[in-house]
Structure formats: C-alpha cells, structure tokens
Amino acid sequence: MQIIIHESPEKLAQSAAQWVQALLIKKTKPVLGLATGSTPIKLYKVLVEKHQRGELSFADVKTFNLDEYFDIDAKNPQSYRSFMKQHLFDHVDINPSNTFLPTCKKGQDPREQGLAYEKEIKEAGGIDLQILGIGGNGHIGFNEPSSSLRSRTRIKTLTQQTLKDNSRLFTPGEYQPTLAMTMGIATILDAKYVMLMATGKQKATAVKQMITGGVSANCPASVLQMHENAVIFLDKEAASELDDHEYYEWANEQNNKLNESLGFFHNF
Ligand code: GLP
C-alpha cells in the first residue's frame, strides 16, 4: 500500500484528481469505479472543474458504482444514481448509458442481479481504477464487517452503526433503506488500481486498523493490504492514529522520483 498524507481534504482531492486524470488521459477506454458518501464529493468537484476548463473528457469513460440501495427508484433523491448525477454525471460529457450501478428491485432475484453486474464489469474489460471511501467500522462499498473476503456483488444488510452514520443524510421520518446491493470484496480487489480516501478524526481508528491491523473480515478495508496497487489518501486527522508518518513521507518522496524517471502511472 502507498500511504499519502495530505495537509487538508482540499489538497487530498486535488491530488486524487490527478490520479483520475492520468487514467483518463492514458487509457483509450477507461473504466472507473465510483464511490458515494461525503468523502469523494470534493474529488468530483475538482474533476468537474477540470472538465469545465477543457482539461478532461469523460466521453469514452465507463463507470461502475460500488453500491446502490435495494429497491430504490433511480429518481429518488436518496438513490446513489441521484448522488452521482448531482455531483458528477450531470456536469461532465459522460454518456449516461455508460454509467452503471448495481441495482435490484423488489421481486428481482438479487443473486441474478449481482451476477449480471459482475458480467457487465467483465465485459467492459474490468475496472482500471476503483475509488473508495471507508466507513467508520472499516467497511468498503457496503461490505460490512464479517463480509466474506471473496464476496462478489450481492445484497447486504447494513449494520446499525452504518445506518446511524448515514442517518444524517435523511430527514427525520424519511424512509432509510436497510439493504443495499454492493460490489463484493473480491470484485473490488479485481480492480487494477484502488484508491481509498479518508478524511476526518472519525475515520482515524478504522484507518489504523486498515493499515496496521491484521487482514480480517472484521475490517473489510484491511484487505487492501493484499492488493497489488492500492493507494491510500489521508488527511492529517484521518492519519492521526498512525505512527509511521515519517516513513510514509520518505517512501512517497522516493516513489515520486521513481515515477518521474519511469513516466507517471506507466501501468495504466
Ligand atoms: C457509505 C458508502 C461507502 C462510503 C462510506 C463512508 O455507507 N457505502 O462507499 O465510503 O459510507 O461515507 P462518508 O464518506 O460519508 O464518510
């Protein structure tokens, strides 16, 4: 894992956007894995600004979101489709038919829907770069603690903690779904590059467990220790429980020098 600690969430978003930009420029038909939640909003804002300045086009991009609430109408403002439209899709030149979310309606078989999503990802050539946030309990996507480390896209019951954490996004009395379709942990691990972003003190314990704890279904994000190309973007608060700041900084300096000599993101 490469661990990059930034001064602020704003600087983090700028730096994460450079990774996305590198992929979009280098690859002919890039496939981007997207996340929702409050953390990636700043990144999407930077990407939209880059697009508006003519620096970035999404015309040939395909996107696959990590998750979506079960049985939610795409037009419902709480749906992750609406979130993506509000923060990215409606502001860039992406073809809506190239944007995918793992949906499942009541009456449909979630197993079949999960398999169909996996097939769509495969047919697109796999995900080049998966953007991730992290839950306060270490979840990625909606892979809650105890999720199988070899799981694929499926339906999951959200934990009480996740429901409580996300209740801030619902008005009192508004229906809050308790089930979601989510890419599995194995689906996420299949992405060529994985980029996890975490900001704020409320993420510090999960971040420490992800980076320095053992690989465990108890902290699904810890599985990134097994990924070939995982980069973790943190702000100072999210990194506040880590001990090895100096080493991470030193390693990044060396990495940057190496990348400069080889060409940035030569693997994309
Ligand atoms: C949600 C999403 C995750 C996200 C996480 C953290 O439940 N399913 O993909 O990473 O919670 O969200 P936030 O960035 O708002 O803290």
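Note that this is a predicted model, so its numbers are computed, not measured. Both ligands and their constituent atoms are indexed starting at 1 by order of listing.
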Run the salt-bridge test on D235 and K203 with the 4.0 Å N-O cut-off and return the result as yes or no.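 Result for this pair is no, no salt bridge flagged.
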If the threshold is 4.0 Å, N to carboxylate O, is there a salt bridge linking D60 and K29?
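No, no charged N to carboxylate O under 4.0 Å.
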Would you kindly say whether [X] and [Y] are connected by a side-chain donor-acceptor distance under 3.5 Å?
| X | Y | answer |
| --- | --- | --- |
| Q78 | E174 | yes |
| R81 | T99 | yes |
| H51 | S57 | no |
| S222 | Q209 | no |
| T187 | E118 | yes |

Numbered atoms of ligand 1 (with element) below 4.0 Å of [X], judged on heavy atoms:
| X | value |
| --- | --- |
| R168 | 15 (O) |
| G133 | 10 (O) |
| T39 | 13 (P), 14 (O), 16 (O) |

Identity and distance of the protein heavy atom lying nearest [atom]:
| atom | result |
| --- | --- |
| atom 16 (O) of ligand 1 | K203 NZ, 2.6 Å |
| atom 4 (C) of ligand 1 | T36 O, 3.9 Å |
| atom 6 (C) of ligand 1 | I134 O, 3.5 Å |
| atom 7 (O) of ligand 1 | F142 CE2, 2.9 Å |

Is it possible for you to say whether I121 and M195 belong to one hydrophobic cluster, with membership spreading through side-chain heavy-atom contacts below 4.5 Å?
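As far as the 4.5 Å side-chain criterion goes, M195 and I121 are not connected within one cluster.
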Heavy-atom nearest option to [atom], drawn from [options]:
| atom | options | answer |
| --- | --- | --- |
| atom 13 (P) of ligand 1 | S38, A206, A221, A180 | S38 |
| atom 1 (C) of ligand 1 | E68, M197, H139 | H139 |
| atom 9 (O) of ligand 1 | G37, P40, G141 | G141 |

With only distance considered, is T162 within less than 3.5 Å of ligand 1 through an N or O on each side?
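No; the residue has no nitrogen or oxygen that sits under 3.5 Å from a nitrogen or oxygen of the ligand.
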**Request:** Classify the contact between D67 and ligand 1 as side chain, backbone, both or neither, using a heavy-atom distance cut-off of under 4.0 Å.
**Result:**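 Answer for D67: side chain.
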Q.
Counting only heavy atoms closer than 4.0 Å, does ligand 1 sit against the backbone of D165, its side chain, both, or neither?
A.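 D165 to ligand 1: no contact under 4.0 Å from either part.
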Centroid separation under 6.0 Å, is that true for the rings of F58 and F89?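 So the answer is no for these two rings.
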